[in-house]
> 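Can you read through this structure? Questions will come right after.
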Amino acid sequence: MFRGMEYVYEVYREKSFSKAARNLYISQPALSAAVRRVEEELNSPIFDRSRNPVGLTECGEHYIVAVEKIMEVQNNFKNYMADFQQLKTGNLAVGGSNLFSSYVLPPLMAEFTKRYPKIRIHLLEENSENLRQRLLEGHLDLVIDNYDYGEQILSRQLYSREHLLLAVPRGFSANRGKDAWQISAEQIKDGTFLQEAIAPVDLKWFEKEPFIFLKANNDTNVRAWKLCQHAGVRPDVLLQLDQQMTSYNVTCSGMGISFISDTLVRCVQPHPDVIFYKLTGEETERSVHFYWKKGKYMTYAMKAFLQMIIE
């Protein structure tokens, strides 16, 4: 019954079929026919054609009120879409582990907010398993992780490459005589520790010391076990934790050796009681990606955030 409402409204606005027809660039008979179709659908006249200028019937008055409400909704949505496409409004839900949520995402979010201050960003901190589930359920738009989620149902964009290191409490006796293999936080931050001239450490040297591992569902756990296996080491695992940051803090307290990423070292202040060593093997290198669900509608905010990362 609201198909053709623009014809009815123009007649109401001009109080004349002939003027309305000129404004709409159609013939007066065509306009009259369009209005009559609406009236037939309503089973009631909208206009009192006996008056000059033409006026509304009681039904017509209620119809015009309804049309104006519809037009207001349409205009509001049109304005919203204009703002949405220009990133003047919208939402973006991003997730990451404790490390990424604490150190990597905040500066990215700050830059994005500077560019698009009207976009509301929501941040979720979780482990990899829960982040992947939230992404698949549609609760998150993007997730940053160093865990390989696979590409069957998720799309991804590379953010960075990172490398696993060994973090050892300074007080451990296994550090004695290993000065030539020790690397500084500065070498890690500027990437010079990757040079071939800097030799990796032999994990066998630390076999008798306690280790701090992450839990089984974590990529760092899988890689740490493989590194130990290749080195012929059976580590004495003192604790298994959820987050890389937590394992590093335990190492800082002097309790055990942890496997950490160079991303972490670049993000935190170096601890005077921790010594770093370079590791070798393909398990030491991995990618950090931003993931999103395949087939999910890519909002303008998602596209803008990913484009910012490329830049």
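Along the sequence shown, the residues carry numbers beginning at 1.
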> Is Val274 close to Val168 at the side-chain level, that is, under 4.5 Å between some pair of heavy atoms?
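Not touching, per the 4.5 Å side-chain cut-off.
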> Can you check side-chain contact (heavy atoms from CB on, under 4.5 Å) on Tyr9 and Ile70, steps first, answer last?
CA-CA 12 Å; Tyr9 196 77; Ile70 292 172; over 6 Å; no
> Is Ser128 close to Val143 at the side-chain level, that is, under 4.5 Å between some pair of heavy atoms?
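When only atoms from C-beta onward are counted, Ser128 and Val143 do not touch, as no gap falls below 4.5 Å.
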> Could you tell me whether the side chain of Glu285 and the main chain of Arg161 form a donor-acceptor pair under 3.5 Å?
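No, because the side chain of Glu285 does not come within donor-acceptor range (under 3.5 Å) of the backbone of Arg161.
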> Check step by step if salt bridge (Lys or Arg N to Asp or Glu O under 4.0 Å) holds for Arg156 and Asp148.
CA-CA 10 Å; Arg156 67 187 184 184; Asp148 189 355; 3.1 Å; yes
> Only pairs at least two apart or in different chains count here, so list each salt bridge (Lys or Arg N to Asp or Glu O under 4.0 Å) that has a residue in residues 288-306.
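For residues 288-306: Asp141-Lys296.
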> For Asn98 and Gln244, does a side-chain donor sit closer than 3.5 Å to a side-chain acceptor?
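Note: Asn98 and Gln244 side chains miss the donor-acceptor criterion.
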> For Arg170, does its backbone N or O pair with a side-chain atom of Asp273 as donor and acceptor, under 3.5 Å?
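Answer holds: no.
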> Distance from Glu10 atom CD to Arg22 atom CZ, nearest 0.5 Å?
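Glu10 CD to Arg22 CZ: 11.0 Å, rounded to 0.5 Å.
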> Do Leu241 and Tyr248 sit in one hydrophobic cluster, given that two such residues count as connected whenever their side-chain heavy atoms are within less than 4.5 Å of each other, even indirectly?
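Not linked; separate clusters.
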> Report yes or no: does Asn218 contribute a side-chain atom to a donor-acceptor pair with the main-chain N or O of Leu214 at less than 3.5 Å?
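Answer holds: no.
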> Pairs in or reaching into residues 103-124: which pass salt bridge (Lys or Arg N to Asp or Glu O under 4.0 Å), with residues at least two apart or in two chains?
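For residues 103-124: Glu111-Lys114, Glu111-Arg115, Arg115-Glu311.
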> Let me have the donor-acceptor pairs involving side chains of residues 229-237, under 3.5 Å, with sequence neighbours excluded, atom names and distances please.
unit_1: His230; atom_1: ND1; unit_2: Lys226; atom_2: O; d: 3.4

> Work out which heavy atom in Leu31 is nearest to a heavy atom in Ala21; give both atom names and the distance.
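Taking every non-hydrogen atom into account, CD2-N, 3.5 Å.
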> Just by distance, do the side chain of Asn175 and the backbone of Pro169 share a donor-acceptor pair under 3.5 Å?
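Side chain of Asn175 to backbone of Pro169, a donor-acceptor pair under 3.5 Å: yes, one is there.
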> Are Val8 and Val67 side-chain neighbours, meaning at least one heavy-atom pair lies under 4.5 Å?
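Result no, sub-4.5 Å side-chain heavy-atom pair not found.
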> Quick one: sort the Phe259 and Phe211 rings into parallel, tilted or perpendicular, breaks at 30° and 60°.
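Ring orientation of Phe259 relative to Phe211: parallel.
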> Apply side-chain contact (heavy atoms from CB on, under 4.5 Å) to residues Val104 and Tyr159 and explain how you reach the verdict.
CA-CA 11 Å; Val104 178; Tyr159 174 68; 3.8 Å; yes
> Let's go through Ile119 and Thr113 carefully: what are the C-alpha distance in whole Å and the side-chain angles of both, what is the deciding distance for side-chain contact (heavy atoms from CB on, under 4.5 Å) to 0.1 Å, and is it a yes or a no?
CA-CA 7 Å; Ile119 301 294; Thr113 300; over 6 Å; no
> Report yes or no: do Asn23 and Glu14 form a side-chain donor-acceptor pair below 3.5 Å?
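Note: Asn23 and Glu14 side chains meet the donor-acceptor criterion.
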> Do Met298 and Phe290 land in one hydrophobic cluster if side-chain heavy atoms of ILVMFWY residues count as linked below 4.5 Å?
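Yes, one cluster joins them.
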> Do other residues, nucleotides or ligands put more than 12 heavy atoms under 6.0 Å from Lys178 NZ?
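Yes.
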> Would you mind reporting whether Val54 and Tyr12 have side-chain heavy atoms less than 4.5 Å apart?
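No; the side chains remain at least 4.5 Å from each other.
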> Which residue pairs satisfy the ring pair (Phe, Tyr, Trp, His ring centres under 6.0 Å) criterion with at least one member in residues 32-54, sequence neighbours excluded?
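Only Phe17-Phe47 qualify under ring pair (Phe, Tyr, Trp, His ring centres under 6.0 Å).
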> Would Arg286 and Thr220 count as having a side-chain donor-acceptor pair, cut-off 3.5 Å?
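Indeed, the side chains of Arg286 and Thr220 share at least one donor-acceptor pair under 3.5 Å.
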> Are Met109 and Val94 side-chain neighbours, meaning at least one heavy-atom pair lies under 4.5 Å?
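No, too far: nothing below the 4.5 Å cut-off.
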> For Ala304 and Leu87, work out which heavy atoms get closest and say how close.
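For Ala304 and Leu87, the tightest heavy-atom pair comes out as CB-CD1, 3.5 Å.
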> Determine whether more than 12 heavy atoms belonging to other residues, nucleotides or ligands lie under 6.0 Å from atom CZ of Arg49.
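Result for CZ/Arg49: enclosed.
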> I'd like to know if the side chain of Thr284 reaches the main chain of Gly281, judged simply by a donor and an acceptor atom lying under 3.5 Å from each other, with no hydrogens or angles considered.
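Pair found, side chain donor or acceptor close to backbone of Gly281.
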> Measuring only between side-chain heavy atoms, which start at C-beta, is Asn130 closer than 4.5 Å to Leu124?
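With C-beta onward as the side chain, the pair stays apart.
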> side-chain contact (heavy atoms from CB on, under 4.5 Å), that's the test. Do Asp219 and Arg223 meet it? Break it down for me.
CA-CA 6 Å; Asp219 182 72; Arg223 292 172 182 270; 2.6 Å; yes
> Where do Leu238 and Pro210 come nearest, in terms of heavy atoms and distance?
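Looks like CB-CB, 4.2 Å.
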> Any chance the side chains of Gln157 and Tyr291 put a donor and an acceptor closer than 3.5 Å?
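Tyr291 and Gln157 do not have a side-chain donor-acceptor pair below 3.5 Å.
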> Looking at side-chain heavy atoms only, is the closest gap between Tyr277 and Ile275 below 4.5 Å?
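Yes - at least one pair of side-chain heavy atoms lies under 4.5 Å apart.
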> Which value, rounded to the nearest 0.5 Å, describes the distance between Arg13 atom CZ and Glu6 atom CD?
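Nearest 0.5 Å value for the CZ-CD distance: 13.0 Å.
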> Checking Glu137 against Gln133: is there a side-chain donor and acceptor pair closer than 3.5 Å?
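Their side chains do contain a donor-acceptor pair, which is all the 3.5 Å distance test asks for.
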> Scan residues 103-139 for pairs that pass ring pair (Phe, Tyr, Trp, His ring centres under 6.0 Å), counting only residues two or more places apart or in two chains.
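Ring pair (Phe, Tyr, Trp, His ring centres under 6.0 Å) check on residues 103-139 returns Phe112-Tyr116, Phe112-Phe305.
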> State whether the side chain of Gln240 and the backbone N or O of Ile212 hold a donor-acceptor pair below 3.5 Å, judged by distance alone.
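Pair absent, no side-chain N/O of Gln240 close to backbone of Ile212.
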> Starting from Leu131, can I reach Leu135 by hopping between I/L/V/M/F/W/Y residues whose side chains sit under 4.5 Å apart?
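Per the 4.5 Å side-chain linkage, Leu135 and Leu131 are co-clustered.
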> Less than 4.5 Å apart, side chain to side chain, heavy atoms only: is that true for Tyr7 and Leu24?
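SC-SC contact between Tyr7 and Leu24 confirmed.
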> State whether the number of non-hydrogen atoms from other residues, nucleotides or ligands found under 6.0 Å of Glu68 atom CD is greater than 12.
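Correct, the count exceeds 12.
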> I need the minimum non-hydrogen distance between Leu99 and Leu264, along with the two atoms involved.
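Minimum heavy-atom contact is CD1-CA, 4.0 Å.
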> Just by modelled atom types, is the Ile198 backbone N or O under 3.5 Å from a matching donor or acceptor in the Lys278 side chain?
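Checking the backbone N and O of Ile198 against the side chain of Lys278, a donor-acceptor pair under 3.5 Å is found.
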> If you measure only the distance, is there a donor-acceptor pair under 3.5 Å linking the side chains of Thr263 and Glu162?
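Their side chains do contain a donor-acceptor pair, which is all the 3.5 Å distance test asks for.
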> Measure across Ser102 and Pro106 and return the closest heavy-atom pair with its distance rounded to 0.1 Å.
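Shortest heavy-atom separation between Ser102 and Pro106 comes out as O-CG, 3.5 Å.
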> Could you state whether Leu123 and Val288 fall into the same hydrophobic cluster, counting links through intermediate Ile, Leu, Val, Met, Phe, Trp or Tyr residues with side-chain heavy atoms under 4.5 angstrom apart?
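The answer is yes; both residues are in one hydrophobic cluster.
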> According to side chain to side chain donor-acceptor pair (under 3.5 Å), does anything in residues 197-208 pair up with another residue at least two apart or in another chain? List the pairs.
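Qualifying pairs, neighbours excluded: Lys204-Glu207.
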> Taking the six-membered ring for Trp, is the centroid-to-centroid distance between Phe193 and Phe276 below 6.0 Å?
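No; Phe276 has its ring centre 6.0 Å or more from that of Phe193.
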> Count the heavy atoms belonging to other residues, nucleotides or ligands that lie under 6.0 Å from OH of Tyr147, then report whether that count exceeds 12.
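Incorrect, the count does not exceed 12.
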> Following the transitive rule for hydrophobic clusters with a side-chain heavy-atom cut-off under 4.5 Å over Ile, Leu, Val, Met, Phe, Trp and Tyr, establish whether Met71 and Ile46 coincide in one cluster.
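Yes; tracing contacts between hydrophobic side chains, which count when under 4.5 Å, links both residues.
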> Would you call Lys189 and Glu186 a salt bridge, taking side-chain N to carboxylate O under 4.0 Å as the test?
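Result for this pair is no, no salt bridge flagged.
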> Would a distance-only check, ignoring hydrogens and angles, find a side-chain to backbone donor-acceptor pair under 3.5 Å from Ser258 to Thr251?
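Not confirmed, Ser258 side chain does not pair with Thr251 backbone.
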> Judged by modelled atom types alone, do Asp48 and Thr57 share a side-chain donor-acceptor pair under 3.5 Å?
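Per modelled atom types, Asp48 and Thr57 side chains form no pair under 3.5 Å.
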> So does Ser287 get a backbone contact from the side chain of Asn146, meaning a donor-acceptor N/O pair under 3.5 Å?
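Pair absent, no side-chain N/O of Asn146 close to backbone of Ser287.
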> Looking at CD1 of Ile121 and CG of Asn91, how far apart are the two atoms once the value is rounded to the nearest 0.5 Å?
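Here the interatomic distance stands at 10.0 Å.
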> For the residue pair Val222 and Ala216, what are the closest heavy atoms and their distance?
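Closest approach of Val222 to Ala216: CG2-O, 4.2 Å.
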